[in-house]
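Let me begin by presenting the structure, written as structure tokens, before commenting on it.
For clarity, every value in this text was computed on a predicted model and none was experimentally measured. One is the number of the first residue; the rest follow in order along the sequence.
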Amino acid sequence: RCTGTAPHKCGMSLTSTCGLAGILNIKSMLVMVQLEVGQRLTAPVGSSEYSAVSILCGYLAQLRIVRKVPPEVFYPRPKVQSAVMSLNPVAPSPDASLYGALKKLVQPVFHYRRKTIRVALEKSGCFSSKEVIEMILSRSGIKGELRPQDIPLAGYLNLVKEKRIN
């Protein structure tokens, strides 16, 4: 078990923390982060907060907000709310090369989150042609009209696996 507080500026580096926890065989962690960061990390598919970091952390660990912490409990009082998060690394430890491939896919795709996944994949440069994109979307069972925030982790993992095959 591990407990700690992440500085508000460092909340997004929790993807590294999740990965390190799995490597160190830590079964669970409690971490305090800025509430806004916690909400982004635990965002459900389809929400405006769902992002590449939600997907990457979701691949490495099960995350949930345990408790919201108001600014009044701190001195000096911050201008933001905090949240205590529970992080439980997935077992067995995730495949590092698959994680790297997932990261290379989702980070550029979410730069085009307002576009369809078809267009986002094309603009991101992750695939060689429109034909390859159509084939991989079809084999992955993902509708090209969906937006990046509407695709769950499993869908992105399917895209990565199909990309590796082709």
Side-chain angles (χ1 to χ4, degrees), residues 1-117 120-121 124 140-143 146-161:
R1 224 170 245 271
C2 180
T3 306
T5 301
H8 292 307
K9 292 180 187 176
C10 300
M12 289 303 182
S13 67
L14 279 173
T15 54
S16 300
T17 303
C18 292
L20 182 62
I23 292 167
L24 296 176
N25 201 26
I26 294 172
K27 302 294 181 215
S28 67
M29 297 175 66
L30 285 176
V31 183
M32 189 177 312
V33 297
Q34 186 174 337
L35 178 60
E36 184 180 319
V37 171
Q39 290 170 330
R40 184 164 294 271
L41 295 174
T42 60
V45 175
S47 69
S48 61
E49 292 86 15
Y50 187 68
S51 64
V53 75
S54 310
I55 293 164
L56 295 171
C57 282
Y59 178 68
L60 299 170
Q62 293 177 344
L63 298 103
R64 68 182 177 90
I65 295 176
V66 176
R67 171 175 292 158
K68 293 179 184 176
V69 182
E72 298 83 47
V73 302
F74 298 100
Y75 184 82
R77 184 180 182 174
K79 295 179 181 176
V80 296
Q81 277 196 315
S82 297
V84 175
M85 291 191 63
S86 168
L87 289 83
N88 297 306
V90 296
S93 293
D95 178 336
S97 67
L98 185 58
Y99 174 79
L102 181 64
K103 185 175 181 180
K104 284 181 183 176
L105 176 72
V106 298
Q107 285 183 330
V109 162
F110 271 88
H111 289 144
Y112 304 100
R113 68 179 299 125
R114 304 230 187 293
K115 305 289 184 189
T116 64
I117 189 64
L121 288 170
S124 71
S140 298
I142 296 172
K143 295 178 183 169
L146 292 174
R147 299 203 185 281
Q149 68 266 24
D150 296 324
I151 300 169
L153 170 60
Y156 284 106
L157 289 173
N158 287 341
L159 285 172
V160 167
K161 290 173 185 171

Quiz: residues 84-92 side-chain donor-acceptor pairs under 3.5 angstrom, not counting sequence neighbours:
residue	atom	partner	partner atom	Å
Ser86	OG	Asn88	ND2	3.4

Task: Spacing of Ile142 atom CD1 and Asn158 atom CG [to the nearest 0.5 Å] - done: 6.5 Å
TODO: Search all heavy atoms of Ala120 against all heavy atoms of Tyr112 and return the closest pair with its distance.
DONE: CB-CB, 3.8 Å
Open item on the list: Using 0.5 Å steps for rounding, measure from the CG atom of Leu63 to the CE atom of Met29.
Closed with: 10.0 Å
- [ ] May I ask you to test the Ile117-Arg147 pair for a side-chain heavy-atom distance under 4.5 Å?
- [x] no
- [ ] Could you tell me the separation between the CZ atom of Phe110 and the OH atom of Tyr156, rounded to the nearest 0.5 Å?
- [x] 4.0 Å
Task: From Leu102 atom CG to Ile55 atom CD1, the distance as rounded to the nearest 0.5 Å - done: 7.0 Å
- [ ] Using atom types as modelled and distance alone, determine if a side-chain donor or acceptor of Arg113 lies under 3.5 Å from a backbone N or O of Tyr50.
- [x] yes
Open item on the list: Using side chain to side chain contact (heavy atoms under 4.5 Å, CB included), reason through Leu35 and Lys68 one step at a time and then give a plain yes or no.
Closed with: CA-CA 7 Å; Leu35 178 60; Lys68 293 179 184 176; 4.0 Å; yes
TODO: Under the side chain to side chain donor-acceptor pair (under 3.5 Å) rule, collect the residues that match up with Arg114, sequence neighbours excluded.
DONE: none
Task: Under the side chain to side chain donor-acceptor pair (under 3.5 Å) test, residues paired with Ser48 that sit two or more places apart - done: none
- [ ] Would you sort out whether Leu30 and Val66 count as a side chain to side chain contact (heavy atoms under 4.5 Å, CB included), showing the intermediate values?
- [x] CA-CA 9 Å; Leu30 285 176; Val66 176; 4.2 Å; yes
Open item on the list: Would you compute the distance between atom CG of Leu98 and atom NZ of Lys161 and round it to the nearest 0.5 angstrom?
Closed with: 6.0 Å
Open item on the list: Quick check: closest heavy atoms across Leu105 and Pro108, and the distance to 0.1 Å?
Closed with: O-CD, 3.4 Å
TODO: Please confirm whether the backbone N or O of Ala43 pairs with a side-chain atom of Ser47, one donor and one acceptor, at under 3.5 Å?
DONE: no
- [ ] In sequence, state the C-alpha distance, the side-chain angles, and the governing distance for Glu72 and Arg77, and then conclude on side chain to side chain contact (heavy atoms under 4.5 Å, CB included).
- [x] CA-CA 6 Å; Glu72 298 83 47; Arg77 184 180 182 174; 2.7 Å; yes
TODO: Write down the atom of Leu60, the atom of Pro94, and the distance for their closest heavy-atom approach.
DONE: CD2-CG, 3.8 Å
Task: Minimum heavy-atom distance between Pro152 and Val45, given as atom pair plus value - done: CA-CG2, 3.7 Å
Task: Nearest heavy-atom neighbours spanning Pro71 and Val80 - done: CG-O, 3.6 Å
Task: Ser54 side-chain N/O to Arg40 backbone N/O, donor-acceptor pair under 3.5 Å - done: yes
Task: Spatial distance of atom CG (Leu41) from atom SG (Cys57) [nearest 0.5 Å] - done: 4.5 Å
